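We use all heavy atoms of the structure for the numbers below, so side chains are in, but hydrogens, waters and symmetry mates are not. None of these values were measured; they are calculated from a predicted model. Below, chains carry the letters A, B, ... as their sequence lines are ordered, and counting in each starts from 1.
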Amino acid sequence: MLALLRIAKLVVFISSSLFVISLLPTHSVHSQDASPSGSNLGPITVRAHDTDNDAGGSVTVEWDDPGYEKMSGFAGFLIWRTNTLTGTSDSVEVTPFGTHSYDDRSVSDDSTYSYLVAALVNSERVMSAPSMQVRSAKQWFDSRLTWVLILGLIICGAVIYFIESAKRGTKLFLRRIAGLEAIDEAVGRATEMGRPILFVAGIQDMDDVQTIAGLTILGSIARTVAEYDTKINMPVRASLVMTAARETIKHAYVTAGRPDAYNDDMVHYVTDEQFGFVAAVDGIMVRERPAACFFLGAFFAESLIMAETGNSIGAIQVAGTAMPAQLPFFVAACDYTLIGEELFAASAYLSGEPRQLGSLKGADVGKAIAMIVILVGVIATTIASAWNSESMLWIENLLRKMFSTG
Amino acid sequence: MKKFLPWIILVALIIVVALLPKPLEISPTVSVIVTVLLGLALTGVLVMTMRGHLIGRRTVFLFIGASLTLPFFMNFQMPIKVAPEVQELYDAIAKLPPGSKVLAAFDYDPPSAPELQPQAEAFMAYAFKHDLKVIIMGLWPQGPQQADMAIQKVLQQPAIRAKNIKYGVDYVNLGFQSGNEFVIQRMGSSFRGMFPRDIYNTDCDKIPILNGVDNFSNIDFVFNLSSGYPGTVEWVQIAVDRYGVKLGAGNTAVQAPSVYPYLSSHKLTGLAGGMSGAWQFEQATGEPGVASTYVLPQTFSHMVVIGFIIIGNVALFVGYRKSRQEGV
Amino acid sequence: MKREIPLIITFVAGVAFVLQYFIPHYPFNRFENLFSDWFSIVGAFAIWLGALSLIKLCLLNISKKAHDWPISLLIIVCFLAIVVAGAIDGFNGLKNVPTTSFRDPGTNFDWLYQNVYTPLSATMFAILAFFVASASYRAFRARNTAATLLLLSAFFVMIGRVPIGDYLSAWLPPSWQLSQWANWLMAFPNTAGQRAVMIGIALGTVSTSLRIILGIERAHLEG
Amino acid sequence: MDSAIIGTWLAALLTLGIMSFLYKDNLYYKICEAIFIGISAGLWFITYFWDSLYRIAWIGVVHEGRYVLLGGVVLGVMMLMRLFGKIGWIARWPLAFIVGATAGLKMMVYFTTNAMAQIHGTVNDTMAAFGGSGLYDVVGRIVILIGTVTGLVYFYFSKEHKGLFGGVAKVGTWFLMITFGASFGYTVMSRMSLLLGRIDFLLTDWLKLVK
């Protein structure tokens, strides 16, 4: 049985090889005949295959140039396509100098195609043999992202593992973040002074994770505010944020047992315009003189205008953002600043919920991996370049491959 | 009396301005005197601060205002040196052969125009003079309008007017498309899908310059002028990372530091950052424009800010010594 | 049920959008575009809530004859003026062949945009210059090591980025001049700090996103 | 007077009005602020109307037959239910969808372009340090290595900043401070440029003092 199968395979192989061989010479002769006088360059070989990692509708054509590009009068390669189901042919594209592959995105997944590539030299066409038949297809997985998937699963797995173990009651150590105590202190001072607090959750919409982190912090601040019966004023720049912030504060008031003290106007929309919003916030600051200002979310250039105005009225200011460009201004003008990741961590800290804290531990695993990878990579490179170590070179290349995203 | 002081100053200022000759220009000698006076005033502030009188915000504001206004009337020349990342940007553009298709993404609005508009003008002038075909688009609603303003301005240059630049042949403005980075994403598969018509509602199939342009592989260079989100970061993340285009950028000075990592990882080919990037770019392309007239006021204001920082630190140091002496 | 459904929606949407990142196959390849379209449509509806909140507060001020009530009236007048101008310009534009936009040059909307909106927003942005100066006067003091480093690096970048930096250091060999120091500072130590912040932010985003998807972080959905 | 001159005067007066805030809060500023809020809120309102409701939803559904966009309309209408007390809770559904989708989308984008690409960049930079392209590069790339790793140590929450670990974290904060200083220094220039633009407008276009 097995022997039969082998024989069958051999027959197929030989006959197909013969078929290909029978085709080849005629075409190469043809192409040499057609080539411009004085040159005896070999044929252009063409391969066509389904474009990898895409949503279908695209075929990649690749070819080798035996040297036509170097000839004077070379004008480009013409790509010629035949739809083998309908038999229609058309030219697809003329590629410029130096290009040896082309993604034909005008194909249909329901047809099969065959491609020819012709070198255009002095208004002559030097044709290649036709490529094998090819059909484009959709892929279910982008194989370039394999390492992203693996590393992502490790980190997400770590986050979920620590969330679960925190849920089961495992004590997790996390160092304290300077600035978090300041939040309660600031609310307390506003209460003492009988002045309102001002909360700005950044100027981005709900499609920014920083805004959501800011709202979570708002949740715990609002609980304290509700208990102390302090006034809170929250101007917002996007209507969706307004709705979400109202939900957040309302929930805090309900939890604190004072649903009657809640009022929708605590959160009010001003304008979607960045600087119009700033003008309004500045106005609120100098007129209402809040005792504490919170700037937690995604900020842009307005960060310093608000923080300096807040500084000039002598408010306690706590800021936090993951916009690297704005951090310096908050650091310079505010009393406490949550730097980058600390903004995301703060919401978990303040909730005090073990599951939230567990997720921070998971992110730390990611940082540990990052540090180890960087250090291993550096040591491997050093050894590889100093002693020509093969195994170190292998590690170096593996790391490069793992983390290359392009 | 004190209540009316600002108004009196205001009225006096208006009278002075009305009496001034127009346009006003100060001779080099007077310029030097004004500079020295400004320096003396700063020294006065230093002495006051050392004696323990911290000056108020308003005095700082006044100094900044003066240091930015007065140099406009002065006559000085400052040498300009081109930074390597600006040179890299210029080299990348200069390497493009005539007829190359350049996608210019205008992702900023009027507030950032002082920094980015000069870069836009220098770029457009260079492109027109060297026969680069420019395709304009914007991820910010006001971006394409800024592009149009830059074009109208450079088209008035005699050398460019002589080239007989034609809309649709030498450049096209595709307008704004909402959707932030998703727009770039979709352009990766099809430009037409995202921009079926140009800003004037003309079908893109009828615009000669767009012939054969359907995705990033038909574009030789992308030049992005950006002042925030969406901007250069998104272009790097999607157009460069996923579609491998060559990208150069002009950024506001604030945005620039956050894209430096991409410059050293070679995802970004050249960067002009802020106003100094603008005048260096003007210098590199040989298109001196408005940025070059800002060199002097900019330098003055820098000096004043640095002066204030030094004053603050001298005061701190003197205060520190004093408190130690008193402690002993 | 009222509480569970939003959490289920969040979970399903979150997982679907993680998956679409890896799957080029239809319909996953359409998700990002679909989200951007849906998001801007929802935004267009939601802005009614915002605008009504703004107008309500202004009307409240006016009816109470609050201290600044004419200012509130001015806000409503300006709001309506540009909305009406934009609406009329837009509908007129639909009649043209080919259609024109409400923000084309020459429309009333454009006049308001150019002469009212632009100077206001540019000036609000520009007064930052004053605040930067007053903040640096106060904050850039060499109080401790960290503050000294902040001060020094700001100093080198500031002076290295204007011609006068090279003017002052002209006596040094070209590769040691102040602009080179500024370039080096921007290219290396600055990149290092940026990278640490960026990697931290990325991991913070991952853990926050997971908390959101798993329904642990849900302050915005309760109430 | 033609509308261009009125426009220039209006723009100049509004510019001065905003600047008067630097002296102190006053009626002139309040008026400019009110105009700004009203005009800009209206501007976004009408822009959303034409760009999203008309151009995406109406054209998309009615003219192009993309019925999938109706999903967005449904979510939008749910959002508006906020206005009607009883059924207002349904506004949480669109919110839940947007937040969930954002979380999924941003998680992967940040993970690849911020975390992975930056780790890759750091390893690559250090490798390039051995290329021997002069002191400038070699020292710089080693600085990148030290700065990135110590900076990450600062953001590590699971261990108290004490002893050697605390020392390393301290170096990390130094790098953060250098980064912040550089950004700040760079920004000073940028901000001056913006103000220059306004002063240029006042002096040139309005007062005509400068050519």
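Contacts between D:Leu75 and chain C at a heavy-atom distance below 4.5 Å involve backbone atoms as well as side-chain atoms. Both the backbone and the side chain of D:Val77 come within contact range of chain C, judged by heavy atoms closer than 4.5 Å. For a residue to count as touching a neighbouring chain, one of its non-hydrogen atoms must lie under 4.5 Å from one of that chain's; by this rule C:Thr191 touches chain D with the side chain only. Proximity to chain C is limited to the side chain of D:Tyr29, based on heavy atoms less than 4.5 angstrom apart. D:Trp93 touches chain C through backbone and side chain together, each having a heavy atom under 4.5 Å away. Heavy atoms closer than 4.5 Å to chain D are found in both the backbone and the side chain of C:Ala87. For a residue to count as touching a neighbouring chain, one of its non-hydrogen atoms must lie under 4.5 Å from one of that chain's; by this rule D:Thr150 does not touch chain C. Of the atoms belonging to C:Phe125, heavy atoms from both backbone and side chain fall under 4.5 Å from chain D. Contacts between C:Leu34 and chain D at a heavy-atom distance below 4.5 Å involve the side chain alone, from C-beta outward. At a 4.5 Å heavy-atom cutoff, the contact between D:Tyr54 and chain C is made by side-chain atoms alone. If you measure heavy-atom distances from D:Arg55 to chain C, you find no contacts under 4.5 Å at all. Interface residue C:Phe22: only side-chain heavy atoms are found under 4.5 Å from chain D. Residue C:Leu120 touches chain D through both its backbone and its side chain, counting heavy-atom pairs closer than 4.5 Å. Using a 4.5 Å cut-off between heavy atoms, C:Phe131 touches chain D through its side chain atoms alone.
You'll find the side chain of D:Arg191 stays beyond 4.5 Å of the side chain of C:Phe130, heavy atoms only. With contacts defined as side-chain heavy-atom distances shorter than 4.5 Å, the pair D:Ile98/C:Trp38 does not qualify. In this structure, the side chains of C:Trp48 and D:Leu83 stay at 4.5 Å or more apart for every pair of heavy atoms. Side-chain contact between D:Leu53 and C:Phe45 is present, with at least one heavy-atom pair separated by less than 4.5 Å. Side-chain contact between D:Val99 and C:Leu221: absent, with no pair of heavy atoms (C-beta onward) separated by less than 4.5 Å. By the 4.5 Å heavy-atom criterion applied to side chains, D:Phe155 and C:Val197 are counted as neighbours. Using a 4.5 Å cut-off on side-chain heavy atoms (C-beta onward), D:Phe180 and C:Ser153 make no contact. Inter-residue side-chain proximity for D:Trp50 and C:Leu94 is flagged as met; some heavy-atom pair is nearer than 4.5 Å.
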As a quick check of understanding, evaluate side-chain contact (heavy atoms from CB on, under 4.5 Å) for D:Thr148 and C:Ile199, giving each step before the final call. CA-CA 9 Å; D:Thr148 312; C:Ile199 295 172; 4.2 Å; yes
As a quick check of understanding, evaluate ring-ring contact (aromatic ring centres under 6.0 Å, His included) for C:Phe79 and D:Trp44, giving each step before the final call. CA-CA 10 Å; C:Phe79 178 87; D:Trp44 277 86; over 10 Å; no
Start with the C-alpha distance between C:Val42 and D:Met78, add both sets of side-chain angles, then the distance that settles side-chain contact (heavy atoms from CB on, under 4.5 Å), and finish with yes or no. CA-CA 9 Å; C:Val42 173; D:Met78 283 180 177; over 6 Å; no
Please evaluate residues C:Leu49 and D:Leu80 with respect to the criterion side-chain contact (heavy atoms from CB on, under 4.5 Å), reporting the C-alpha separation (whole Å), side-chain torsions for both, the decisive distance (0.1 Å), and the verdict. CA-CA 7 Å; C:Leu49 296 175; D:Leu80 281 186; 4.2 Å; yes
Walk me through whether C:Ile5 and D:Trp89 qualify under side-chain contact (heavy atoms from CB on, under 4.5 Å). CA-CA 11 Å; C:Ile5 290 175; D:Trp89 52 267; over 6 Å; no
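The nearest pair of heavy atoms linking D:Phe184 to C:Ala135 is CZ-CB, 4.3 Å. In this structure, D:Gly147 and C:Ala192 approach most closely via the heavy-atom pair CA-CB, 3.7 Å. Contact record, C:Gly193 with D:Thr179: CA-OG1, 3.1 Å, taken as the closest heavy-atom pair. When all heavy atoms of D:Leu10 and C:Val116 are compared, the pair lying nearest together is CD2-CG2, 3.6 Å.
Ranked by heavy-atom pairs shorter than 4.5 Å toward chain C, the options D:Ala41, D:Gly17, D:Gly151 are led by D:Ala41. Between chain D and the options C:Phe39, C:Phe102, C:Phe109, the largest number of non-hydrogen pairs under 4.5 Å is found for C:Phe102. Here C:Val18 is the residue among C:Thr118, C:Val18, C:Leu185, C:Leu7 with the most heavy-atom pairs under 4.5 Å with chain D. In terms of non-hydrogen atom pairs under 4.5 Å with chain C, the most contact-rich of D:Gly71, D:Gly197, D:Ala57 is D:Gly71. Considering only heavy-atom pairs separated by less than 4.5 Å from chain C, the leading option among D:Val68, D:Ile37, D:Val109, D:Val149 is D:Val68. Between chain C and the residues D:Leu22, D:Val143, D:Leu95, D:Val73, the most heavy-atom pairs under 4.5 angstrom are made by D:Leu22. Between chain D and the options C:Val15, C:Val132, C:Ile47, heavy-atom pairs under 4.5 Å are most frequent for C:Ile47. Chain D forms the most heavy-atom pairs under 4.5 Å with one residue out of C:Gln114, C:Arg218, C:Met124, and that residue is C:Met124. Contacts with chain D were tallied for C:Ser207, C:Cys58, C:Ala133, C:Ala122; C:Ala122 has the most, counting heavy-atom pairs under 4.5 Å. Between chain C and the residues D:Leu145, D:Thr173, D:Leu69, the largest count of heavy-atom pairs under 4.5 Å involves D:Leu69. Put simply, of D:Ile90, D:Ile146, D:Thr47, the one with the most heavy-atom pairs under 4.5 Å next to chain C is D:Thr47. For chain D, the option among C:Ala187, C:Ala129, C:Ser136, C:Ser101 with the highest count of heavy-atom pairs below 4.5 Å is C:Ala129.
Crowding of C:Phe28 atom CZ: a count of heavy atoms from other residues, nucleotides or ligands under 6.0 Å exceeding 12. By the 6.0 Å contact criterion, NZ on D:Lys30 is enclosed, its count of non-hydrogen atoms from other residues, nucleotides or ligands being greater than 12.
Results of the side chain to side chain contact (heavy atoms under 4.5 Å, CB included) test with D:Trp174 over C:Thr148, C:Leu150, C:Thr145 single out C:Thr145 as the only residue that passes.
Here D:Met177 contributes atom CE and C:Leu152 contributes atom CG; the two are 13.5 Å apart, rounded to the nearest 0.5 Å. Separation of atoms CG (D:Leu176) and CD (C:Gln194) is listed at 9.5 Å; rounding is to 0.5 Å. One finds the CD1 atom of D:Ile144 at 5.0 Å from the CZ atom of C:Arg195 (value rounded to the nearest 0.5 Å). Rounding to the nearest 0.5 angstrom, the gap separating the CZ atom in D:Arg92 from the OG1 atom in C:Thr10 is 11.5 Å. Atom CG in C:Leu52 sits 14.0 Å away from atom CZ in D:Arg82 (nearest 0.5 Å). With rounding to the nearest 0.5 Å, the separation of CD1 in C:Ile212 from OG1 in D:Thr102 is 8.0 Å.
Counting only N and O atoms by type, the side chains of D:Tyr110 and C:Ser209 include no donor and acceptor under 3.5 Å apart.
Under the 3.5 Å distance criterion, the side-chain polar atoms of D:Thr15 are left unmatched by any main-chain donor or acceptor of C:Thr123.
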